[in-house]
Amino acid sequence: MSAAEWGYTKRNGPFTWAKNYPTAAGIRQSPVDIDTALATSDSSLESKPLRWKYVPQNTRTIVNSGHGWRVDVDSEGSELVGGPLEGTYKLQQFHCHWGSSSDKGSEHTVDGQSYAAELHLVHWNSSKYADCGEAADYPDGLTVLGVLLKVGAKNPELQKVIDLIPSISHRGEKTEVKEAIDPAKMLPKTLSYWTYLGSLTVPPCNESVTWILFKEPVEVSEEQLAAFRSLRCYKRGEECPCDEVDGLLISNYRPTLPLGTRELRECGS
Ligand SMILES: O[B-]1(O)OCc2ccccc21
Ligand SMILES: [Zn+2]
């Protein structure tokens with residue numbers, strides 16, 4: 001899209017994306033509603049526990065992408081293996097999706113229920129591809145660990161992100177992450193998950209993601225969610241192109257798409 005770049009308002013939001021990004025109208029799209037009755041447990045998942053290693057010092061910069069905040073990571077030294085995955089995946093970045101109030105905001109829903117937000121840890125298949133950009137073009141290129149966030153106690157690890165938000169208030173702004181953020185500390189205690197084949201939930205919506213969505217939500221406070229909503233979707237000095245309330249990024253989640261004939265598997269209760 002030209003000036004009217006994609007976003008989350010009526011004018012440029014999820015229902016308009018397919019115009020410029022035809023893959024968004026595909027049959028392997030994300031997010032989806034997790035209909036727990038449809039999930040099949042799979043002994044092969046149980047036999048290969050999910051295992052990860054992250055290097056907190058490798059969380060480099062946080063940027064306001066115009067669609068939310070994103071922490072970019074130096075992939076070296078990280079790895080995610082097991083579960084539904086073949087080969088080794090490396091962490092590239094993590095980011096979050098939220099809503100204008102905490103009764104909505106997650107991208108995946110569970111039996112129709114929305115959560116207040118959803119964290120995405122994006123990994124790429126380093127066994128087969130040279131980098132994340134290349135991997136994003138292949139059906140087995142990416143895997144995303146999804147963590148549902150519900151309102152509760154202040155999340156100390158996410159607070160390190162919140163503390164940096166004032167310095168990336170406008171689109172395009174970025175800053176160094178001085179205090180290392182440990183992605184492992186943002187994951188739930190129990191590692192039960194659902195997994196299915198899907199896509200990026202933002203344009204170009206590549207159908208290259210093996211989704212792993214943890215069943216157990218993690219807590220975040222209302223104040224922390226309010227901080228996310230203080231990000232602006234336009235560049236400093238420019239005027240706001242979106243018709244959102246004075247360009248605040250109050251909501252950046254894509255509504256669910258049909259699972260269709262895709263298999264939904266689960267590991268753990
Ligand atoms: O769709 B997402 O926001 O979650 C998965 C993903 C992967 C890469 C970029 C953006 C995303
Ligand atoms: Zn995401």
Side-chain angles (χ1 to χ4, degrees), residues 5-8 12-14 17-18 20-21 23-26 28-34 59-73 75 78 80 84-85 89-99 104-109 114-126 129-149 158 161 171 174 183 186-187 193-214 217-218 220 225 228-229 231 233 249 251-257 259 262:
E5 217 242 358
W6 67 268
Y8 293 92
N12 63 3
W17 293 351
N20 289 281
Y21 304 95
T23 312
R28 182 187 148 164
Q29 290 291 296
S30 295
V32 298
D33 178 49
I34 302 289
T59 47
R60 289 277 180 269
T61 54
I62 184 169
V63 60
N64 176 336
S65 63
H67 311 296
W69 58 264
R70 186 188 74 234
V71 174
D72 291 321
V73 172
S75 296
S78 68
L80 174 65
L85 305 175
Y89 287 71
K90 290 186 183 299
L91 180 65
Q92 175 75 14
Q93 50 109 325
F94 55 92
H95 62 270
C96 196
H97 302 265
W98 57 84
K104 54 191 177 289
S106 64
E107 298 211 297
H108 291 88
T109 56
S114 288
Y115 285 81
E118 186 172 324
L119 204 51
H120 289 161
L121 288 80
V122 178
H123 304 69
W124 56 279
N125 186 335
S126 60
Y129 308 111
D131 58 39
C132 191
E134 180 192 357
D137 288 337
Y138 296 90
D140 61 352
L142 303 179
T143 193
V144 180
L145 293 182
V147 183
L148 297 164
L149 299 181
L158 272 176
V161 168
R171 177 197 192 99
K174 65 165 63 174
M186 299 190 291
L187 304 180
Y193 61 85
W194 294 287
T195 183
Y196 75 98
L197 298 181
S199 73
L200 271 65
T201 62
V202 296
C205 301
N206 312 43
E207 297 186 328
S208 56
V209 178
T210 298
W211 277 95
I212 297 173
L213 180 69
F214 289 112
V218 158
V220 66
L225 291 166
F228 291 170
R229 301 183 191 109
L231 287 169
C233 72
L249 249 175
S251 167
N252 64 352
Y253 71 95
R254 186 187 192 186
T256 56
L257 288 306
L259 180 70
R262 287 177 281 179

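Not measured: the values here are computed from a predicted model. Both counts, for ligands and for their atoms, begin at 1 and track the order of listing.
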Item to complete: Evaluate the criterion side-chain hydrogen bond (donor to acceptor under 3.5 Å, both in side chains) for residue pair Y129 and D140; output intermediate values, then yes/no.
Response: CA-CA 10 Å; Y129 308 111; D140 61 352; 2.5 Å; yes
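- Under 4.0 Å is where a charged nitrogen must lie from a carboxylate oxygen, and between E118 and R254 no such pair does.
- Checked by atom type and distance alone, the side chain of H95 never pairs as donor or acceptor with a backbone atom of W69 at under 3.5 Å.
- Using modelled atom types and a 3.5 Å distance limit, the side chains of E107 and T201 yield a donor-acceptor pair.
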Is there any protein N/O under 3.5 Å from an N/O of ligand 1, and what does the full list of such pairs look like?
unit_1: ligand 1; atom_1: 1 (O); unit_2: T201; atom_2: N; d: 2.3
unit_1: ligand 1; atom_1: 1 (O); unit_2: T201; atom_2: OG1; d: 2.8
unit_1: ligand 1; atom_1: 3 (O); unit_2: H95; atom_2: NE2; d: 2.9
unit_1: ligand 1; atom_1: 3 (O); unit_2: H97; atom_2: NE2; d: 3.2
unit_1: ligand 1; atom_1: 3 (O); unit_2: T201; atom_2: OG1; d: 3.2
unit_1: ligand 1; atom_1: 4 (O); unit_2: H120; atom_2: ND1; d: 3.2

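- Using a distance-only test at 3.5 Å, with no hydrogens or angles considered, a donor-acceptor pair links the side chain of R262 to the main chain of Q29.
- R229 meets the side-chain hydrogen bond (donor to acceptor under 3.5 Å, both in side chains) test with no other residue; sequence neighbours excluded.
- Residues satisfying the side-chain hydrogen bond (donor to acceptor under 3.5 Å, both in side chains) criterion with S30, sequence neighbours excluded, are Y196, W211.
- For the pair D72 (side chain) and T61 (backbone), a donor-acceptor distance under 3.5 Å is absent.
- Of the options V220, I212, V218, a side chain to side chain contact (heavy atoms under 4.5 Å, CB included) to V147 is made by V218 and by none of the others.
- Distances shorter than 2.8 Å separate the Zn ion (ligand 2) from the protein N/O/S atoms H95 NE2, H97 NE2, H120 ND1.
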